[in-house]
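Below is one structure, written out as structure tokens; the observations come after it.
Note on naming: letters A, B, ... go to the chains in the order of the sequence lines (proteins, then strands), and numbering restarts at 1 for each one.
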Amino acid sequence: MQSPRTRIVEVLAIAPPRADVRIKGWLRTVRDSKQLVFLEVNDGSSMASLQAIADETLANIDEVRKLTTGSAVAIRGELVASPAKGQSVELRATEVEIIGKADPDFPLQKKRHSYEFLRTIAHLRNRTNTYGAVFRVRSKLAHAVHCFYQDRGFVYVHTPIITASDAEGAGEMFRVSTLDPSKPPRNDAGAIDWDADFFGRQAFLTVSGQLNGETFAVGMGDIYTFGPTFRAENSNTSRHVAEFWMIEPEMAFCDLDDNCTLAEAFVKHLVKTLLEDCTADIEFFNERVDQGLLARLRHLVDSPFERMSYTEAVARLEASGEKFEYPVFFGANLQAEHERYLTEKLIGRPVFVTDYPKEIKAFYMRRNDDGRTVAAVDLLVPQVGELIGGSQREERYDVLVAAIEETGLHKDAYSWYLDTRRYGTVPHAGFGLGFERMIMYGTGMQNIRDVIPFPRTPRHCEF
RNA sequence: GGGUCAGUAGCUGAGUCGGUUCAGCGCCUGCCUGUUAAGCAGGAGCACGCGGGUUCGAAUCCCGCCUGGCCCUCCA
């Protein structure tokens, strides 16, 4: 059994003096002189490190003196008020155990590295201030997601990662197969014989748990999913990854308006959690990453999100006089430049855009009475763009079948989905929130590859 | 997939009207100091992404390729 340790976040909260404090962690820096060696130890439990002082009374002081950044140590000593500036307490070591030395070529220095470089050492970057903070925040937010829904009586549903529905229209999918790609079995017609594949049919990684989630909502009431999602799009941008996490609540007896209300409460709850439970980390981001962060987060919590229809959004964009690369007109997809202008310039905070033309949205979205729009909603936020996409679902069987056929899909493939509209159908709605994009918004980090531990993007699947 | 910018020591950058590469940090050695991106002195380390071409001579000009960043498309 290993000897006990106290996490540094807890040690820093102790009122000195306190004898026999034991910590374990990794050295952020070592400053040595003739009599004293200053060891800055971080164990990931907090932004702050603990300074330990070793002197010549230690038997292994010569070894300690030569310790390099990145080495793992266990230190035992007395926690005392620090006589020098820079820290309120420090650990006067009576014992320094060298657990694991770091080779001198440890790549993390005591100075700023570029995010690009740190991505190439994603296995080590959690040992930096920035990424340590990012991943502590990520963990807290994940917990907050569950708290929010569990407190409201939502049921957490584990929708499948592997799916055979290949036509949800949410993007390119990764194929899941056990066939040998160099010599796949062929049928008489010469085509690949998917019947011989593992599932006896084509299978893919899910692009959304929504359709499965819906089936649970219309039976269990309010449900949510929270899991990985996959898109095989060749997207090379700062806000797209091939594997990301998404939260998808789905509510029975719920319309688009209720949907927006929940989404707003959800986002605000996550931001409140950040402000209350991640204070040190958020302050760090506010100082070093995005100076406007704290003000923006506080403002978000206090003010209602804007809501406007797509029709109104188009009208306001047209009236803005702004020159856009892509023209704005009813029926056009809102481009990133339009969305950014809306939320950053025109509104200045998060905005729900609702009721899009049916032609540019998915088949399952509820047809509005005007005959030309559907009950869809996107939540646009400054810096990040689209944070949430959702809709009220088409609960009317005939209308849904017509929409499937209009889209050119085969209704047979959706028989299980259509069953929910045959057996006790009810109005229901839901949305998907991109977890990484939420973290970007909450931390001010500008690249999605820097808020997920090991990002998967086109041509990148290291670690 | 399209566009655009970039690729110089381990890292961050400087250097280009073409003429034997620099600085800081890191690393090694020593000194000094309750230090804190410690300080001081010394040292090792890069022929400049790869391949062609122009030239007496190219990191610096031209062509191709590779890699990365960003933007657009896709969406979360």
Do A/R437 and B/C75 have a side chain to base donor-acceptor pair shorter than 3.5 Å?
yes
Roughly how far apart, to the nearest Å, are B/A44 and B/G57 at atom P?
32 Å
Between the side-chain atoms of A/R92 and the base atoms of B/G34, is any donor-acceptor pair under 3.5 Å?
yes
Taking the minimum atom-to-atom distance to the side chain of A/T29, which one of B/G69, B/A38, B/C74 wins?
B/A38
For side chain to side chain donor-acceptor pair (under 3.5 Å), just list the numbers for A/E248 and A/S208, CA-CA rounded to whole Å, side-chain angles, deciding distance to a tenth of an Å, and then say yes or no.
CA-CA 8 Å; A/E248 297 183 282; A/S208 163; 2.9 Å; yes
Sugar-phosphate only, base, or nothing, as touched by A/S238 at under 4.0 Å among non-hydrogen atoms
sugar-phosphate
Report the base-pairing partner of B/C74 (Watson-Crick or G-U wobble, both distances below 3.5 angstrom), or none.
none
Heavy atoms under 4.0 Å, any strand shown: does A/F38 hit a base, just sugar-phosphate, or nothing?
base
Please evaluate the base of B/C11 for a donor-acceptor partner in the side chain of A/H113 within a cut-off of under 3.5 Å?
no
Taking B/U35, B/A76, B/U73 as options, the one with an atom nearest any side-chain atom of A/A336 is B/U73
Taking for A/E462 and for A/P107 the nucleotide of RNA chain B with the nearest heavy atom, the one nearer the 5' end belongs to A/P107
Base, sugar-phosphate, or nothing: which does A/G86 touch, judged by heavy atoms less than 4.0 Å apart?
base
Rounded distance in Å between the C1' positions of B/A59 and B/U20:
13 Å
In terms of side-chain heavy atoms of A/E90, which of B/A76, B/U35, B/C27 is nearest?
B/U35
Mind checking A/L108 for me? I need base, sugar-phosphate or nothing, with any heavy atom below 4.0 Å counting as a touch.
nothing
For A/F106, which contact category applies under a 4.0 Å heavy-atom criterion: base, sugar-phosphate, or nothing?
nothing
A/N236 CG to B/U4 C1', straight-line distance once rounded to whole Å
13 Å
At 4.0 Å (heavy atoms only), tell me whether A/Q51 reaches a base, stays on the sugar-phosphate, or touches nothing.
base
Got a donor-acceptor contact below 3.5 angstrom from the A/E337 side chain to the A/Y326 backbone?
yes
Going by atom types only, do A/Q87 and A/S82 share a side-chain donor-acceptor pair under 3.5 Å?
yes
A/R459 atom CZ is separated from B/G1 atom C1', nearest whole Å, by 14 Å
Just N and O in the side chain of A/R31: are any of them under 4.0 Å from OP1 or OP2 of B/A38?
yes
Within the modelled atom types, does a donor on one side and an acceptor on the other bring the side chain of A/Q87 and the base of B/U35 under 3.5 Å apart?
yes
In whole Å, what separates the P atom of B/C71 from that of B/G43?
45 Å
Mark yes or no for a side-chain to base donor-acceptor pair under 3.5 Å between A/Q109 and B/U12, with no hydrogen or angle criteria applied.
no
Scan every strand shown for a Watson-Crick or G-U wobble partner of B/G26, both distances under 3.5 Å, and answer none if you come up empty.
none
Calculate the interatomic distance between A/D32 atom CG and B/C27 atom C1'; express it in whole Å.
14 Å
Need one value for A/N234: base, sugar-phosphate or nothing, where a base atom within 4.0 Å counts as base even if backbone is also close, heavy atoms only.
base
Measure from the side-chain N and O atoms of A/D255 to the backbone N and O of A/D257, and report whether any donor-acceptor pair falls under 3.5 Å.
yes
Can you tell me the distance, in whole Å, between the CD1 atom of A/I448 and the P atom of B/C75?
15 Å
So, does the side chain of A/E233 form a donor-acceptor pair with the base of B/C75 at under 3.5 Å?
no
Look at all strands and tell whether A/V241 reaches a base, only sugar-phosphate, or nothing, counting heavy atoms closer than 4.0 Å.
base
Atom-pair distance (CG on A/L118; C1' on B/C11), nearest Å
10 Å
What is the distance from CZ of A/F230 to P of B/A76, rounded to the nearest Å?
16 Å
Please check the phosphate of B/C74 (OP1 and OP2 only) for any side-chain N or O of A/R239 closer than 4.0 Å.
no
Just so I know, are the side chains of A/V73 and A/I99 near enough to count as touching, which here means a heavy-atom distance under 4.5 Å?
no
Contact class for A/T120 (heavy atom, under 4.0 Å): base, sugar-phosphate, or nothing?
nothing
According to the Watson-Crick and G-U wobble definitions, with both distances under 3.5 Å, which nucleotide is paired to B/G18?
none
Ring centroids only, cut at 6.0 angstrom: are A/Y310 and A/F330 within range, meaning strictly under it?
yes
When the aromatic ring centroids of A/F154 and A/F148 are compared, is their separation below 6.0 Å?
no
Taking the six-membered ring for Trp, is the centroid-to-centroid distance between A/Y224 and A/Y156 below 6.0 Å?
yes
When we call it a touch if two heavy atoms are under 4.0 Å apart, what does A/I53 touch: a base, just sugar-phosphate, or nothing?
base
For a quick test of reading the model: is some side-chain N or O of A/S114 closer than 4.0 Å to OP1 or OP2 of B/U12?
yes
Base partner of B/U67, which must satisfy Watson-Crick or wobble distances under 3.5 Å
B/A6
For B/A76, is there a stacking contact with A/F244, counting only centres under 5.5 Å and planes under 30°?
yes
N/O donor-acceptor pair, side chain A/R112 with base B/A37, under 3.5 angstrom
no
When rounded to the nearest Å, what value does the distance between P atoms of B/U12 and B/C32 take?
35 Å
Which comes earlier along RNA chain B counting from the 5' end, the contact point of A/W245 or that of A/Q335, where each point is its nearest nucleotide?
A/Q335
Atom-pair distance (NZ on A/K110; P on B/C11), nearest Å
18 Å
Separation of atom OH in A/Y326 from atom P in B/C71, rounded to whole Å
14 Å
So, A/F266 versus A/Y149, ring centres under 6.0 angstrom or not?
yes
Output yes when at least one side-chain N/O atom of A/R125 is less than 4.0 Å from OP1 or OP2 of B/C11, else no.
no
